[in-house]
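Here's the structure we're looking at; comments come further down.
What you see is a predicted model, and the numbers here were worked out from it, not measured in a lab.
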Amino acid sequence: MAVWHAPGRINLIGEHTDYNDGFVLPMALPMGCTTSVEDAREGWSVVSAQASGTVAVTPSGLADREQVPEWATYVLGALWLLHDDGVDVPPVRISVDSDVPTGAGLSSSAALVCSVVRALDEHLGLGLDAAGLLALSRRVENDAVGAPTGGMDQLISLRGEAGHALFCDMRDLTSEAVPFAPAASGLSLLVVDTRAPHRLVDGEYAARRDGCEEAARQLGVPALRDIIDADEAVARLDDEELQRYVRHVVTEDARVLEAVEVLRAGHLDRLGPLFTASHASMRDDFRITVPEVDTAAETLLDAGAVGSRMTGGGFGGCVIGLVPEGEVDAAGDAVRRAFADAGFGEPSLFTAEAAAGARAVR
Ligand code: ADP
Ligand code: MG
């Protein structure tokens, strides 16, 4: 039997830059998914503590893809892809249990997929290296589930380090751990899960992605990551929407690089203005925020945060703030009050420190 834990994540800065070959700076959360893989007598089966019923698959199900509930494709997807790759997958029973809230932008999906892939790698003796583990995890979400995610989620879930953020170059998929310890600067990372209902996420995500690709094509570069001067590039585009997309992506890449310098220098308070500028860029240029998210970000600033921003793909999800340690409770109360006053549902709040990436559990 193999048992692995893989974490959810928060992206500190660098939103919608991943599919533009750019930079991101996520950290792993203490919350995660624990997966066990054990031999089964016959057939393959999947069970989740967060979903009802056991999903069982017959031998033809590995080849012909039987109808299964969507959540189970995140697990069976790894088996299907290995089967397609010519691996002889013996019958196994896979059990998963996660404390990452689903659909909150904290990447419960990567926690699930990466813990499954690591446990399968060990149990089946696949001997995948770091690149192979990442590639299989990405293919499960992109190809088996059909979610067009950019790859950051799996990278941080596999490679995160405690007390560090992970500076990732999404062009060559290299990563470097950078110390992230807000407590050393008297700060806490406060996370507000707005629980806002996700609206139009798939269509809007695809529209942004297509728009960025179209802008890169018009600008004659392989990806927006290759644009250095946002103003110069914007001036060469006619379409107002594409101009805004380019401005967001190019300035966001620059903010990630600046954030990495700030972390290296250990001046975490200087991260604040970068957070806040990133939020304004997502709100005004990329237009992926919603009222709940803007309210949370503004309220945190009013309550003394040195910076705040939405994290994740947008249209709901979480907001993070760097808040002086002594003011965390008051800031949380202020957000709850602001949500009640605006008639929003109750948010969920927690503070988070950077945790380790996927690890074996014994
Ligand atoms: P996020 O990754 O931001 O939480 P996604 O929509 O990418 O949101 O992934 C959420 C989906 O992942 C859920 O709807 C479910 O299908 C699947 N999932 C995640 N964790 C579990 C779990 N513990 N058990 C079953 N399915 C899960
Ligand atoms: Mg996800």
**Request:** For a side chain to side chain contact (heavy atoms under 4.5 Å, CB included) with Asn11, tell me which candidate from Ile320, Thr17, Thr311 qualifies.
**Result:** Thr311

**Prompt:** Checking salt bridge (charged side-chain N to carboxylate O under 4.0 Å, His left out) for the pair Glu252/Arg255: CA distance, chi angles, key distance, verdict?
**Reply:** CA-CA 5 Å; Glu252 186 79 348; Arg255 281 186 289 270; 2.9 Å; yes

**Item:** Residue among Leu136, Thr149, Val117 satisfying side chain to side chain contact (heavy atoms under 4.5 Å, CB included) with Gln154
**Value:** Thr149

**Item:** Check: His16 ring centre within less than 6.0 Å of Tyr205 ring centre
**Value:** yes

**Asked** Does any N or O in the side chain of Asp193 come within less than 3.5 Å of the main-chain N or O of Arg195, such that one atom is a donor and the other an acceptor?
**Response** yes

**Prompt:** Among the clusters formed by ILVMFWY side chains lying less than 4.5 Å apart, do Met310 and Val306 turn up in the same one?
**Reply:** no

**Message:** The test is side chain to side chain donor-acceptor pair (under 3.5 Å); show your working for His248 and Asp284 and say whether it passes.
**Reply:** CA-CA 9 Å; His248 167 70; Asp284 303 335; over 6 Å; no

**Request:** Drop me the distance from Ser36's OG to Met1's CE, to the nearest 0.5 angstrom.
**Result:** 5.0 Å

**Prompt:** Taking all non-hydrogen atoms of both residues, which atom of Arg159 and which atom of Leu173 are closest, and how far apart?
**Reply:** NH1-O, 3.2 Å

**Prompt:** About how many Å separate CG of Leu155 and CZ of Arg9, when rounded to the nearest 0.5 Å?
**Reply:** 11.5 Å

**Item:** Donor-acceptor under 3.5 Å (Arg118 side chain, Ser115 main chain)
**Value:** no

**Prompt:** What is the minimum heavy-atom distance between Thr251 and Ala230, and which atoms define it?
**Reply:** CG2-CB, 4.4 Å

**Prompt:** When hydrophobic residues are tied together by side-chain contacts of less than 4.5 Å, even through go-betweens, does Phe339 share a cluster with Val290?
**Reply:** yes

**Request:** Provide the closest heavy-atom pair for Val116 versus Ala78 in the form atom of the first, atom of the second, distance.
**Result:** CG1-CB, 4.2 Å

**Worked check of salt bridge (charged side-chain N to carboxylate O under 4.0 Å, His left out) between Asp39 and Arg93** = CA-CA 6 Å; Asp39 288 325; Arg93 174 183 166 81; over 6 Å; no

**Asked** Is the closest basic N to carboxylate O distance between Arg236 and Glu232 below 4.0 Å?
**Response** yes

**Asked** Can you check whether Asp285's main-chain N or O pairs, donor with acceptor, with Arg244's side chain at less than 3.5 Å?
**Response** yes

**Prompt:** Is there a donor-acceptor pair closer than 3.5 Å between any side-chain N or O of Ser45 and the backbone N or O of Ala56?
**Reply:** no

**Asked** His267 side chain to Val262 main-chain N or O, any donor-acceptor pair under 3.5 Å?
**Response** no

**Message:** Under a 3.5 Å distance rule, please check whether Ser188 uses its side chain to pair with a backbone N or O of Leu190 as donor and acceptor.
**Reply:** no

**Request:** Give the C-alpha distance, both sets of side-chain angles, the deciding distance and a yes or no for side chain to side chain donor-acceptor pair (under 3.5 Å) between Ser185 and Asp269.
**Result:** CA-CA 7 Å; Ser185 300; Asp269 52 323; 5.4 Å; no

**Message:** I need the minimum non-hydrogen distance between Ser98 and Gln50, along with the two atoms involved.
**Reply:** N-OE1, 2.9 Å

**Prompt:** Taking Glu38 for the side chain and Ile94 for the main chain, is one N or O donor matched with an acceptor at less than 3.5 Å?
**Reply:** no

**Message:** Applying salt bridge (charged side-chain N to carboxylate O under 4.0 Å, His left out) to Arg171 and Asp226, what does each step give before you reach the verdict?
**Reply:** CA-CA 10 Å; Arg171 170 161 275 167; Asp226 299 298; 2.8 Å; yes

**Message:** Taking Leu274's backbone N and O only, do any of them form a donor-acceptor pair with Ser278's side chain (distance below 3.5 Å, no angle check)?
**Reply:** no

**Asked** Shared ILVMFWY cluster between Leu257 and Met27, side chains joined below 4.5 angstrom?
**Response** yes

**Prompt:** Is the number of heavy atoms from other residues, nucleotides or ligands within 6.0 Å of CG (Asp238) greater than 12?
**Reply:** no

**Steps toward side chain to side chain donor-acceptor pair (under 3.5 Å) verdict (Glu141, Ser109)** = CA-CA 8 Å; Glu141 282 214 55; Ser109 59; 3.2 Å; yes

**Message:** With a 4.0 Å cut-off on N to O distance, would you call Arg287 and Glu241 a salt bridge?
**Reply:** no

**Asked** Any donor-acceptor pair under 3.5 Å linking the side chain of Arg225 with the backbone of Asp21?
**Response** yes

**Item:** N-O pairing of Asp153 and Arg138 below 4.0 Å
**Value:** no

**Asked** Should the heavy atoms of other residues, nucleotides or ligands under 6.0 Å from CG of Asp329 be counted, would the total exceed 12?
**Response** no

**Message:** Do Leu158 and Leu81 land in one hydrophobic cluster if side-chain heavy atoms of ILVMFWY residues count as linked below 4.5 Å?
**Reply:** yes

**Asked** Considering residues at least two apart in sequence or located in another chain, which fulfil the ring pair (Phe, Tyr, Trp, His ring centres under 6.0 Å) criterion with Phe167?
**Response** Phe23

**Asked** Just by modelled atom types, is the Ala277 backbone N or O under 3.5 Å from a matching donor or acceptor in the Ser281 side chain?
**Response** no

**Request:** Looking only at non-hydrogen atoms, find the nearest pair between Ala352 and Leu29 and report the distance.
**Result:** CB-CD2, 3.7 Å

**Request:** Could you tell me which non-hydrogen atom of Gly160 sits nearest to which non-hydrogen atom of Leu166, and how far apart they are?
**Result:** N-CD2, 4.4 Å

**Asked** Salt-bridged, Asp18 to Arg209, with N to O below 4.0 Å?
**Response** no

**Audit row: Arg208, Glu204, salt bridge (charged side-chain N to carboxylate O under 4.0 Å, His left out) steps and yes/no** = CA-CA 6 Å; Arg208 297 302 180 289; Glu204 294 285 352; 2.8 Å; yes

**Message:** Tell me whether Leu187 shares a hydrophobic cluster with Leu300, the cluster being built from Ile, Leu, Val, Met, Phe, Trp, Tyr side chains joined at under 4.5 Å.
**Reply:** no

